[in-house]
Amino acid sequence: QVVLVESGGGLVQAGGSLTLSCVASGRSFTSLIMGWFRQAPGKEREFVAAVSWSGDPTYYEDSVKGRFTISRDNTKDTVYLRMNTREPEDTTVYYCAAGRFDLPTAHALGNEFMAQHFDSWGQGTHVTVSS
């Protein structure tokens, strides 16, 4: 079982930047595909970004392309999400996720199905973007 602990959420002004971090433990980090999702109250969990074990390739939801960057540091068992924020759509809870699957194949099936491939989830970190 992989344990994921997110940090870095908080309050940021619209147009500002915020970096979320997620530390993984319990399994070899380089065997894991890592991802970020977000979920607003009353809505389904939405795929944000994913990164392969080596750091390439990466995939993004269309709404965050060019604004968010996912990266990982395999020496620190950590995945990051750097966000250039836009209010209010980016205000929600962000979740880190881990799984073992073929990322390009999963992406080809559609971002709306991406959550099904991940089997470990963090507790979430809240991001509030103010105008």
Side-chain angles (χ1 to χ4, degrees):
Q1 181 70 19
V2 179
V3 177
L4 303 172
V5 179
E6 303 106 330
S7 62
L11 178 65
V12 60
Q13 280 196 319
S17 296
L18 195 67
T19 299
L20 307 182
S21 301
C22 172
V23 179
S25 61
R27 182 170 277 176
S28 172
F29 189 65
T30 53
S31 71
L32 298 172
I33 303 298
M34 300 300 297
W36 288 96
F37 292 75
R38 61 187 182 184
Q39 187 170 21
K43 294 189 175 181
E44 290 192 2
R45 192 160 295 188
E46 176 189 34
F47 170 72
V48 174
V51 60
S52 72
W53 71 270
S54 66
D56 180 48
T58 57
Y59 299 103
Y60 297 91
E61 178 59 34
D62 286 346
S63 64
V64 306
K65 277 182 183 176
R67 299 192 299 118
F68 290 11
T69 302
I70 188 171
S71 63
R72 64 191 292 161
D73 185 340
N74 290 341
T75 67
K76 297 181 179 179
D77 295 350
T78 301
V79 62
Y80 304 96
L81 185 69
R82 179 164 178 82
M83 309 164 53
N84 293 323
T85 59
R86 201 155 64 191
E87 189 271 340
E89 61 199 81
D90 296 331
T91 293
T92 190
V93 180
Y94 287 76
Y95 296 89
C96 176
R100 299 178 70 187
F101 56 92
D102 184 76
L103 182 57
T105 299
H107 179 259
L109 295 174
N111 286 347
E112 64 270 34
F113 305 115
M114 191 66 78
Q116 300 174 11
H117 304 286
F118 290 87
D119 53 19
S120 296
W121 297 85
Q123 80 287 353
T125 186
H126 199 280
V127 173
T128 300
V129 182
S130 65
S131 57

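This one's a predicted model, so the numbers in the text were calculated from it and none came from an experiment.
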Quiz prompt | salt bridge (charged side-chain N to carboxylate O under 4.0 Å, His left out) partners for D90, two or more places apart | solution = R38, R67

Quiz item: Can you tell me how far the CG atom of L103 sits from the CG atom of D56, to the nearest 0.5 Å?
Solution: 10.0 Å

Quiz item: Considering all heavy atoms of both residues, which atom of S131 and which atom of A14 are nearest to each other, and what is their separation?
Solution: CA-CB, 4.4 Å

Quiz item: Heavy-atom distance under 4.5 Å between the side chains of L109 and H117, does that happen here?
Solution: yes

Self-check item: Test item: V127 and M83 side chains (from C-beta on) under 4.5 Å apart, heavy atoms
Solution: yes

Quiz item: L18, F68: one ILVMFWY side-chain cluster at the under-4.5 Å cut-off?
Solution: yes

Practice problem: Taking T30 for its side chain and S54 for its backbone only, find out whether a donor-acceptor pair lies under 3.5 Å. | Solution: no

Quiz item: When you measure from the side chain of R72 to the backbone N and O of S52, does any donor-acceptor pair fall under 3.5 Å?
Solution: yes

Quiz item: Would you call the rings of F47 and F37 parallel, tilted or perpendicular if under 30° counts as parallel and over 60° as perpendicular?
Solution: perpendicular

Quiz item: Are I70 and Y94 co-members of a hydrophobic cluster defined by side-chain heavy atoms under 4.5 Å apart?
Solution: yes

Quiz prompt | Closest non-hydrogen atom pair between G122 and Y95, with its separation | solution = O-CD2, 3.6 Å

Practice problem: Can you measure from CD (E112) to CD (E61) and round to the nearest 0.5 angstrom? | Solution: 8.5 Å

Quiz item: To the nearest 0.5 Å, what is the distance between CH2 (W53) and CG (L32)?
Solution: 12.5 Å

Quiz prompt | side-chain contact (heavy atoms from CB on, under 4.5 Å) evaluation trace for V51 with M34 | solution = CA-CA 6 Å; V51 60; M34 300 300 297; 4.0 Å; yes

Practice problem: Look at atom CD of E89 and say whether more than 12 heavy atoms of other residues, nucleotides or ligands are closer to it than 6.0 Å. | Solution: yes

Quiz item: Can you tell me how far NE2 of H107 sits from OG1 of T58, rounded to the nearest 0.5 angstrom?
Solution: 9.5 Å

Self-check item: For D73 against Y80, the heavy-atom pair lying closest together
Solution: CB-CE1, 4.0 Å

Exercise. State whether the side chain of T128 and the backbone N or O of T91 hold a donor-acceptor pair below 3.5 Å, judged by distance alone.
Key: no

Practice problem: Identify the heavy atoms of V79 and F29 that sit nearest to each other, and give their distance. | Solution: N-CZ, 4.1 Å

Exercise. Could you name each residue pair satisfying disulfide bond (SG atoms under 2.5 Å apart) that touches residues 72-116, not counting sequence neighbours?
Key: C22-C96

Quiz item: So do R45 and W121 actually touch side chain to side chain, heavy atoms under 4.5 Å?
Solution: yes

Exercise. Answer with yes or no whether the hydrophobic clustering places V48 together with V12; edges join I, L, V, M, F, W, Y residues whose side-chain heavy atoms lie under 4.5 Å apart.
Key: yes

Exercise. Kindly work out whether a path of hydrophobic side-chain contacts (I/L/V/M/F/W/Y, heavy atoms less than 4.5 Å apart) joins L4 to M114.
Key: no

Quiz item: Same hydrophobic cluster for F101 and Y59, using side-chain heavy-atom links shorter than 4.5 Å among ILVMFWY?
Solution: yes

Exercise. Looking only at non-hydrogen atoms, find the nearest pair between R100 and S31 and report the distance.
Key: CG-O, 3.5 Å

Self-check item: Set of salt bridge (charged side-chain N to carboxylate O under 4.0 Å, His left out) partners for K65, sequence neighbours left out
Solution: D62

Quiz item: Which pair of heavy atoms, one from Y60 and one from A49, lies closest together, and at what distance?
Solution: CD2-CB, 3.6 Å

Quiz prompt | Side chain E6, main chain Q123, donor-acceptor under 3.5 Å | solution = yes

Quiz item: How far apart are the C-alpha atoms of E46 and S63, what are their side-chain angles, what is the distance that settles it, and do they pass the side-chain contact (heavy atoms from CB on, under 4.5 Å) test?
Solution: CA-CA 11 Å; E46 176 189 34; S63 64; 4.2 Å; yes

